Amino acid sequence: MSGSSFGFFGTDPWWMVILKAVAIFGMLVVLTLFTIWWERRVVSRMQNRIGPNRVGPAGLLQSLMDGFKLAFKEEIIPKSAHVAVYWIAPVISATAAFLAFAVIPFGPTVSIFGVETPLQLTDFPVSVLYVLAIASVGVYGLVLAGWSSGSTYPLLGGLRSTAQVISYEIAMGLSFVAVFLFAGSMSTSEIIAKQQPIWFAVILLPSFLIYVTSMVGETNRAPFDLPEAEGELVGGFHTEYSSLKFAMFFLAEYINMVTVSALAATLFLGGWLAPWPISLWDSANVGWWPILWWLLKVQLFIFMFIWLRATLPRLRYDQFMKFGWKVLIPASLGWIFIVATARVFRDDFAFTNQQLLITGAVVIALLLVGSWLLQIRSDRMQATVEAELEQALSVPFDAMAGGHPVPPMPGQVLAYTPRRVLAAQSVAGQVIAPALDSAPTEETPYA
Amino acid sequence: MSIDGELVVFIICGGLSVVGALGMVLSRKAVHSALFIAMVMINLAILYIANSAPFLGMVQIIVYTGAVMMLFLFVLMVVGVDSSDSLIETIRGQRLFGILFGVALAILLIGGIGSAITGKADIGLIAANDEFGGNVEGIADLIFSDYLFAFQATAALLITAGLGAVILTHREAWRPKATQKELSVARFMVGAGHPGNKPNPGVYARHNAVNTPAILPDGSLALDSVPEPVRSRDDSLIIDHRVVSTVVELVESEDQN
Amino acid sequence: MDPIYYIYLATLLFSIGAIGVLVRRNAIIVFMSVELMLNAANLVFVAFARMNGNLDGQTVAFFVMVVAAAEVVVGLAIIVQVFRTRQSASIDEPNLLKY
């Protein structure tokens, strides 16, 4: 691999790699325990309750104790489960959740035991794609859990999660494109370096909004938690799981939450770079301080997740899919088109920002006028189509109209033929006399 | 990457991918096949990265493992996962000849290609990757210059394929779909049945078994609360003697309906 | 390490895929075998790109992936459609054109 532009990456001594990996693992587990406690406390506050406050200071150890309890519970494996796949599904889920964190940067280069090293396990030219790839492997855990349980609700939950994660991954991937265009790189550390004067969340606001929406869909969190909608699917894909295997799914869900939050912070909020008033302080972006800024940004997103869960009701499945495919993806594509065009005009035709804005305003005005005209036209066409349909339905259906017998469409009724009249008479024993060439009227079309 | 490191990666990933490929062909259940081939694809992605193709490796996982195999799993679940192969051969000896053909093909290709390229120099991609500043940039430069036409053509192909799949699996909706409002109105219409949740069996009854009807506030029984398969065998209903006369009436009226 | 081993590996995978296409009767598994063959071809492209020191091989492999994705979409749609009419995913079932 060409490592020329990647400075310290790939040059760490072996013990440093192990140290960083263990530190990240530990941090993720602790963050999960903390996030569960934090979520329960915040949701309680929002619902005028107190929440867990018995174990440890302010109930902080509650999730640790819950974890112990969960691990020592009896494990029930359904008789109809496909055991090998049933075992491997939670492992895939949890492993993928941990793996994605390898490329998330926590801070700048620091010195650990006399070795200069960046606060990031590794980085390579396509590390954002790596996160996407790991996320798509993680979905296997959900799908396989749903299938291997050998039960209906988990299967439906698994299917839903596949459809959901694939759909929202497209929107997610598209929201990255504008960031790649501006950063000129797909490596996380370079993307952060390119946000030095101004964060991408500011200049690429639509991308940021699309990402934040799709990351909630991607992690199966409320209001997009359809794969585990308890009112419809009991527990979704993990209905049949218990004990440690269930704990692994739980762990994976919370780590995924942290991962997408960290990715949002990295790509759009400048990662470990200090926020504005603090960044005026010279040593804000050196040494160990940046970890604090990073943690604050991640916690901001996690709080947003919790807030959403406490506030919004769950979407209906078809509305949710419609939103993903018909709103988020086209909006992403349109935004990428605008960004790319603006960059071409600025770089190749030396447009100033003012000229770009004026051109943009003219284009938007033209588009508005055009859409108004199109709307008038489509209204007129709609009226014509409806009139034609009405006329077509008012004429009785003739099966032999095209010279070839065809069955009636829904809403059309076969005319009574002499043979059918005779058959009806012999069954009922009395004469039914419908008009031979007109459809009976008790079945109205489009009932 | 040092020479030895690459050999270790090759042996592990190459071995696993051969195992996965054999597993794909040999497993009876289609889902197991899909899992084995997903394993092959991930191992091939690692081999791509070992061959200085990090971009292609990631695209391999995202496109093949994440999208293509996921689509396969999705279709498997729609089409009935447990549809296993029949063991009856349609053409006699086809299996034997198929395997023979495969082995012959392997020998031919290994022999032919092997003798053609053995001893060829391994130039490596470090110079080519660094020419434009990296692997991604190098591929991008090729796609948007020499292969621009192919790129546009594949774009058109993808859109056509997407449309084709939509049309193939499309089922014409002849009637407009009922909206949530219409469904709700229909649910509360007179004669439409019970609008809300029905009471669970055993509510306020002397037993809580599934075949014990719930007792309504006026003391009568809610036969709706017992699942239909149980209700249709009325000898299995546990009946509370306090209200047995009502029950007989209710069962009779139920039968008439 | 001599990159020719990658070619041998790819050949092996290709042959296994070919056997799968010839031997299996479930349309979906046959389709997976075709995917395996495409993957093997991709591995050859990547290995040749590295041996020859230019990126054309990788670019072609990229296009193979895109075309394979398009092919899978249409192919699976056809399988679903056949399943709807015949309630079977076996490749022996849709044989009406024979008569």
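Keep in mind that this is a model prediction, so the values were computed, not measured. Lettering follows sequence order; numbering is per chain, from 1.
- Panel note: side chain B:D141, backbone B:E137; no donor-acceptor pair is recorded below 3.5 Å.
- Within the 4.5 angstrom heavy-atom criterion, no atom of B:A155 approaches chain C.
- With a 4.5 angstrom heavy-atom cutoff, B:F151 touches chain C via backbone and side-chain atoms both.
- Residue contact with chain C, scored on non-hydrogen atoms closer than 4.5 Å, involves the backbone of B:S27 exclusively.
- For the side chain to side chain contact (heavy atoms under 4.5 Å, CB included) criterion with C:T11, the lone passing option out of B:I107, B:L108, B:I110 is B:I110.
- Taking B:A53, B:G20, B:G138 one by one and counting their heavy-atom pairs under 4.5 Å with chain C, the maximum is reached by B:A53.
- The part of C:L9 that comes within reach of chain B is its side chain, from C-beta onward, which places non-hydrogen atoms under 4.5 angstrom from that chain.
- Top candidate by heavy-atom pairs under 4.5 Å with chain C, chosen from B:F101, B:F97, B:Y64, is B:Y64.
- C:L43 is listed as a side-chain neighbour of B:Y48, based on a closest heavy-atom distance under 4.5 Å.
- Contacts of C:I16 with chain B are made by both backbone and side-chain atoms, with heavy-atom separations under 4.5 Å.
- Residue contact with chain C, scored on non-hydrogen atoms closer than 4.5 Å, is absent for B:A67.
- With a 4.5 Å cut-off on non-hydrogen atoms, B:Y147 touches chain C through its backbone and its side chain both.
- Counting heavy-atom pairs under 4.5 Å between each of C:A18, C:A47, C:A49 and chain B puts C:A49 at the top.
- Between B:M39 and B:M24, the closest side-chain pair of non-hydrogen atoms is not below 4.5 Å.
- Proximity to chain B involves both the backbone and the side chain of C:N52, based on heavy atoms less than 4.5 angstrom apart.
- Contacts of B:F72 with chain C are made by both backbone and side-chain atoms, with heavy-atom separations under 4.5 Å.
- Chosen from B:V25, B:N51, B:L22, the residue pairing most often with chain C at heavy-atom distances under 4.5 Å is B:N51.
- Only the side chain of C:V60 comes within contact range of chain B, with at least one heavy atom under 4.5 Å from a heavy atom of that chain.
- Using a 4.5 Å cut-off between heavy atoms, C:I7 touches chain B through its side chain atoms alone.
- Side chain of C:Q58 to backbone of B:S52: a donor-acceptor contact under 3.5 angstrom is found.
- Ranked by non-hydrogen atom pairs under 4.5 Å with chain B, the options C:V67, C:D56, C:L38 are led by C:D56.
- Formation of a donor-acceptor pair under 3.5 Å by the B:T65 side chain with backbone atoms of B:I62 is not found in this model.
- At a threshold of 4.5 Å between non-hydrogen side-chain atoms, the residues B:M77 and B:V31 do not count as touching.
- B:T179 places a side-chain N or O within donor-acceptor distance of the main-chain N or O of B:E182, the cut-off being under 3.5 Å.
- A heavy-atom distance below 4.5 Å is found between the side chains of C:F31 and C:E71.
- Relative ring orientation between C:Y6 and B:F10 is described as perpendicular, the plane-to-plane angle rising above 60° on a 0-90° scale split at 30° and 60°.
- Heavy atoms of B:I159 lying under 4.5 Å from chain C are absent altogether.
- With no hydrogens or angles considered, no side-chain donor-acceptor pair links B:Q60 and C:N42 at under 3.5 Å.
- In terms of modelled atom types and a separation under 3.5 Å, the side chain of B:Q152 and the main chain of B:F149 share no donor-acceptor contact.
- Only the side chain of C:L12 comes within less than 4.5 Å of a heavy atom of chain B; its backbone N, CA, C and O stay farther away.
- For B:V40, the part sitting under 4.5 Å from any heavy atom of chain C is the side chain, from C-beta outward, and nothing else.
- If you measure heavy-atom distances from C:L36 to chain B, the contacts under 4.5 Å come from both the backbone and the side chain.
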